[in-house]
Protein chains: 2
Amino acid sequence: MLRLVQPCRRILMTAVNLPRPEVRPAPQEESEFGEIVSSQRGERPDYSINNRLGTPSGFTNYTPQEATCVIDWKAKLLEVFKTYGYTGIDTSPVEYAENLQLTGGLDKQIFGVSRLQDGTLTKFGLPFDRTVPMAIYLAKHHLQMTFPYSRYDIDWSWRGETAKAGRYRAFIQADVDTVAPEISALADAQCIVTLIMGLERLGVPKCNVFLNHVDVAKSFLNDVGIPSDKQNDALRAIDKLKPDNEDDVVAELVANVPEINEDTARDLLKSMSYRGPLSGFKFSKETSVEAKAGLAHLREIEKIAQGMGIDTSIFQFAPNLTRGLNYYTGVLFETFMPGREQYGSIASGGRYDKLVEMFNPNLHLKGVGGSIGLTRLFDVMKAENLVDLTKQTTAQVFVGYRTKDELQAAIQVAAALRERGVYTELHLNVPKVKKELKIVDGKGIPFALLVMNQDEIVLKETFKKKTTEKQTDQLTFTSIEDAVAHIERLKNEGLLDRSQKSQTEIEECKEQ
Amino acid sequence: MLRLVQPCRRILMTAVNLPRPEVRPAPQEESEFGEIVSSQRGERPDYSINNRLGTPSGFTNYTPQEATCVIDWKAKLLEVFKTYGYTGIDTSPVEYAENLQLTGGLDKQIFGVSRLQDGTLTKFGLPFDRTVPMAIYLAKHHLQMTFPYSRYDIDWSWRGETAKAGRYRAFIQADVDTVAPEISALADAQCIVTLIMGLERLGVPKCNVFLNHVDVAKSFLNDVGIPSDKQNDALRAIDKLKPDNEDDVVAELVANVPEINEDTARDLLKSMSYRGPLSGFKFSKETSVEAKAGLAHLREIEKIAQGMGIDTSIFQFAPNLTRGLNYYTGVLFETFMPGREQYGSIASGGRYDKLVEMFNPNLHLKGVGGSIGLTRLFDVMKAENLVDLTKQTTAQVFVGYRTKDELQAAIQVAAALRERGVYTELHLNVPKVKKELKIVDGKGIPFALLVMNQDEIVLKETFKKKTTEKQTDQLTFTSIEDAVAHIERLKNEGLLDRSQKSQTEIEECKEQ
């Protein structure tokens with residue numbers, strides 16, 4: 001414990017509500033696949049190494065404000081995921097390239113690792129998603145593990161594809177997965193609920209979750225006589241169906257599946273384009289047992305999600321949803337922001353009961369998982385003005401001082417706050433009140449405690465509210481203990497992370 | 001809010017203290033530099049793809065228990081770093097290779113990124129530490145930033161060197177740095193204090209921190225007439241001085257610095273081998289102003305650290321400490337566990353006032369930083385039996401049930417706990433009490449709430465204490481509210497993370 005001196009110096013406490021710092025947008029660059037170019041921005045300062053200071057194309061290049069927001073998002077998701085019982089995994093940052101190539105489909109996009117010294121290639125590749133490293137980890141470590149295994153993973157995925165707006169060569173995915181020899185609809189429901197709760201925690205407006213089941217989708221194809229070896233092709237085409245492209249999908253179907261004609265294809269699309277509550281969908285008596293069981297499984301998921309506190313009006317049955325069908329074997333889901341569907345799905349996943357076997361054929365583990373595409377979601381939320389870009393730091397309180405005499409008191413204030421778990425930035429520079437307040441302003445730190453050069457302690461709180469720009473509150477205390485106790489109260493009331501972008505502003509954007 | 005049904009079913013609550021699960025050690029493999037081989041372990045199960053399931057040499061391959069511990073460490077360090085006002089940075093996971101090559105020294109060890117499809121090399125490399133990506137970030141973003149800038153970064157560093165015990169090709173470093181146009185000894189002290197507090201939070205036994213200042217070290221060389229262009233070579237040799245290798249260091253000195261003879265070299269080593277309190281070291285009257293100022297700076301750091309709550313007996317002045325002197329310009333520090341010096345420094349760093357200029361010559365920013373080598377420290381702490389390897393999960397409470405009838409109650413219990421921020425694993429598998437308790441045991445979850453098939457609610461707590469193996473406490477409640485409120489009390493008292501390795505056991509290992 002610190003000894004807190006008393007009587008002490010004057011402390012001035014200010015809670016500031018400041019204009020947003022000016023943010024230079026990160027330069028946008030395009031490049032062809034494989035042709036990885038250095039930046040060619042204009043308006044450069046005149047120094048010789050400027051070429052190297054461009055943004056590697058297809059990689060994130062966040063401003064300090066953006067980085068602070070993204071890091072805050074990761075922390076929030078991590079907390080939600082842990083609350084739902086998911087635990088962290090720690091896979092190697094590389095995998096054997098041949099393991100990555102095993103799942104197919106993304107071969108052309110995998111980044112390998114080389115030795116820079118002589119350009120020698122290694123046997124390693126950088127993972128293209130977070131699910132395959134988990135499957136490899138399970139194939140290796142299953143004997144040391146207790147199932148069901150529920151893990152989260154928030155880390156980079158790498159794809160050497162053409163970089164363009166919204167498509168990155170490295171992006172963060174926030175995954176949750178449950179794997180076990182046997183799992184029930186409870187695992188499926190929990191995965192979906194966790195991701196919905198995660199999105200809610202990030203301030204994403206209320207979403208719609210489209211649900212489907214592989215067996216349900218296939219029953220539609222069986223009903224019109226599409227043979228099993230053509231079903232994956234057919235489903236991939238049907239997955240592309242949108243309000244304005246029916247003709248294209250019909251053309252693709254008829255071309256790939258000679259067993260059906262254009263009329264049948266149109267009827268099929270019509271019956272598969274249902275969007276609505278699960279309870280509103282009825283199969284005919286002739287429908288297969290498997291399809292009925294698939295729909296019953298979806299209804300069970302909905303019921304469990306309701307028990308978990310989800311408003312089930314967000315669920316919509318979408319029989320044409322198939323997510324490319326690469327390794328999915330049961331429930332499939334995709335999440336959209338209503339009225340903002342143009343951004344695509346912001347969280348998706350499904351059941352995969354055969355994935356782990358690809359890496360260890362003797363190991364039969366069923367799995368369900370999903371992920372939030374954090375990097376893309378951030379772009380979406382930024383475009384929709386739904387993120388707080390007013391902070392450059394997670395610090396909650398700034399502690400300043402003006403003279404060397406006050407330094408020891410300031411150090412004591414900071415130490416006492418830190419002991420109470422308050423994120424405290426102690427002024428580390430030449431102490432001048434104007435400079436100090438400039439730091440508080442620039443970084444968006446919500447509270448400042450300034451130790452003043454007086455004999456009594458004054459604790460001052462200034463909080464300029466949006467509506468009454470000049471409103472000033474100032475608190476005065478006579479000891480460090482009292483000042484620290486006040487901050488502790490603010491912490492306990494959850495007020496230390498006060499944002500300069502008011503909740504009202506964000507709510508307004510959400511409702512637009 | 002959830003509606004909590006009452007009256008309800010019987011709930012059985014158990015707090016278990018279980019034997020450690022059997023852990024297969026990760027296979028150890030060596031390989032020559034650059035010759036990256038696939039695993040050749042024996043005793044393989046008979047499946048065709050087994051070669052790919054070996055451990056990539058030089059990369060971590062943690063068991064679930066180890067991963068849980070390492071992830072817990074990252075979370076703890078992150079919390080300490082934020083408390084000290086450091087904020088997260090979000091740099092690109094790759095850098096331009098030419099930027100990485102700019103700092104010199106590690107060229108041969110840099111990993112590049114290639115395209116797996118055709119083996120084409122890209123212009124990107126994987127960073128060999130966390131400081132250079134920060135310097136590049138500052139060179140790019142300084143106009144958008146408010147200084148002093150204090151950031152933490154806990155992420156991979158990559159080195160394509162010969163993999164052997166304790167040396168990895170990818171390892172996690174936990175860095176803190178402060179950068180600004182002007183910073184004082186306060187920033188140096190805070191950096192050191194933060195790392196010490198971080199180590200303490202990880203359960204690392206009390207450490208010694210060796211301090212030095214570049215100007216002090218150089219004054220010793222000036223005194224014996226070593227010219228400035230030979231000083232870096234000399235210091236690199238003197239840095240290697242250990243109790244048993246004086247002859248080697250003398251030989252290296254005489255070979256590299258013809259200006260001095262063997263006797264002078266021995267005298268120099270004698271005067272530079274001081275290890276003791278800063279206050280116990282006295283310069284002669286002839287010593288340069290710079291050297292005296294350097295020592296005064298170290299004393300100021302010590303004084304500030306004391307104000308921050310550090311017992312300053314851990315500080316020792318070590319004039320021969322130079323850390324290779326690559327980019328350091330002021331204070332230097334290294335941290336050792338007393339009696340365990342053979343493991344090397346576990347946290348180190350120093351002042352670098354010229355680093356950022358290398359990437360942007362017009363930008364003059366002074367910096368101080370240090371890092372904990374998390375991957376290596378974990379090996380050390382594991383070898384010393386100072387880590388808790390009893391948990392496979394961060395879940396604090398397991399919620400089980402036996403029949404479908406009890407499922408809805410179990411879902412409500414889990415939802416209520418989750419709403420209170422309790423990390424809750426809901427049973428996702430076939431419900432059988434024996435199987436459920438096996439999960440609780442295997443994962444090392446400290447508490448279990450089992451919803452039983454009775455009409456009244458019974459809440460049962462079983463906690464087998466180390467000393468009285470069979471001691472059993474059982475709590476019975478009559479409602480979900482009461483059960484949840486009990487867990488909430490345990491949470492508020494900090495008891496939910498109860499470990500199966502008692503604090504006493506760990507303290508015993510620390511004192512050895």
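Per chain, numbering begins at 1; letters A, B, ... match sequence-line order.
- In this structure, A:Phe59 has its ring center under 6.0 Å from that of B:Phe124.
- Under the 4.5 Å side-chain criterion, counting only non-hydrogen atoms from C-beta, B:Val422 is not in contact with A:Thr83.
- Residue B:Leu417: no heavy atom, backbone or side chain, is found under 4.5 Å from chain A.
- Salt-bridge formation is detected for the pair A:Asp90/B:Lys74: a Lys NZ or Arg NE/NH1/NH2 atom is positioned less than 4.0 Å from an Asp or Glu carboxylate oxygen.
- Side-chain atoms of A:Tyr86 do not come within 3.5 Å of backbone N or O of B:Glu425 as any donor-acceptor pair.
- Between chain A and the options B:Met145, B:Lys438, B:Met197, B:Gln408, heavy-atom pairs under 4.5 Å are most frequent for B:Met145.
- When the candidates A:Trp158, A:Phe81, A:Trp156 are compared by the number of heavy-atom contacts under 4.5 Å with chain B, A:Trp156 comes out ahead.
- The distance from the OG1 atom of B:Thr424 to the CD atom of A:Gln190 is 9.5 Å, given to the nearest 0.5 Å.
- For A:Thr178, the part sitting under 4.5 Å from any heavy atom of chain B is the side chain, from C-beta outward, and nothing else.
- Counting heavy-atom pairs closer than 4.5 Å to chain B, the top-ranked of the candidates A:Gly125, A:Gly85, A:Ser114 is A:Ser114.
- In this structure, CG on B:Leu126 lies 9.5 Å from CG on A:Leu116, to the nearest 0.5 angstrom.
- Side-chain N or O atoms of B:Tyr62 include none that pairs as donor or acceptor with a backbone N or O of A:Ser92 at under 3.5 Å.
- Judged by distance alone, the side chain of A:Gln392 and the main-chain N or O of B:Gln144 form a donor-acceptor pair under 3.5 Å.
- Only the backbone of A:Ile89 comes within less than 4.5 Å of a heavy atom in chain B; its side chain stays farther off.
- In this structure, A:Phe111 CZ and B:Arg115 CZ are separated by 8.0 Å, a value rounded to the nearest 0.5 Å.
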Derivation of the side-chain contact (heavy atoms from CB on, under 4.5 Å) call for B:Thr91 and A:Thr60: CA-CA 8 Å; B:Thr91 53; A:Thr60 56; over 6 Å; no

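- Top candidate by heavy-atom pairs under 4.5 Å with chain A, chosen from B:Ala395, B:Ala67, B:Pro148, is B:Pro148.
- With a threshold of 4.5 angstrom between heavy atoms, A:Ile172 does not approach chain B through any atom at all.
- From A:Ile439, atom CD1 reaches atom CZ of B:Phe147 across 11.0 Å, with rounding to the nearest 0.5 Å.
- Between the CG atom in B:Leu186 and the CG atom in A:Asn429 there is a gap of 10.0 Å [rounded to 0.5 Å].
- Atom-to-atom distance recorded for A:Tyr149:OH and B:Thr393:OG1 is 9.0 Å, nearest 0.5 angstrom.
- Within the 4.5 angstrom heavy-atom criterion, only side-chain atoms of B:Tyr152, from C-beta onward, approach chain A.
- Ranked by non-hydrogen atom pairs under 4.5 Å with chain A, the options B:Leu426, B:Val397, B:Thr68 are led by B:Leu426.
- The two residues A:Leu428 and B:Ser150 come nearest to each other via the heavy atoms CD1-OG, 3.9 Å.
- Within the 4.5 angstrom heavy-atom criterion, only side-chain atoms of A:Val70, from C-beta onward, approach chain B.
- In terms of the salt bridge (Lys or Arg N to Asp or Glu O under 4.0 Å) criterion, B:Glu79 has no residue partners (sequence neighbours excluded).
- Both the backbone and the side chain of A:Ala187 come within contact range of chain B, each with at least one heavy atom under 4.5 Å from a heavy atom of that chain.
- You'll find the side chain of B:His141 reaches within 4.5 Å of the side chain of A:Asn61, heavy atoms only.
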Test side-chain contact (heavy atoms from CB on, under 4.5 Å) applied to A:Met308 and B:Ile411, step by step: CA-CA 6 Å; A:Met308 288 178 166; B:Ile411 288 172; 3.8 Å; yes

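- Between chain B and the options A:Thr87, A:Ile183, A:Ile71, A:Val94, the largest number of non-hydrogen pairs under 4.5 Å is found for A:Thr87.
- Counting heavy-atom pairs closer than 4.5 Å to chain A, the top-ranked of the candidates B:Pro93, B:Gly88, B:Pro64 is B:Pro93.
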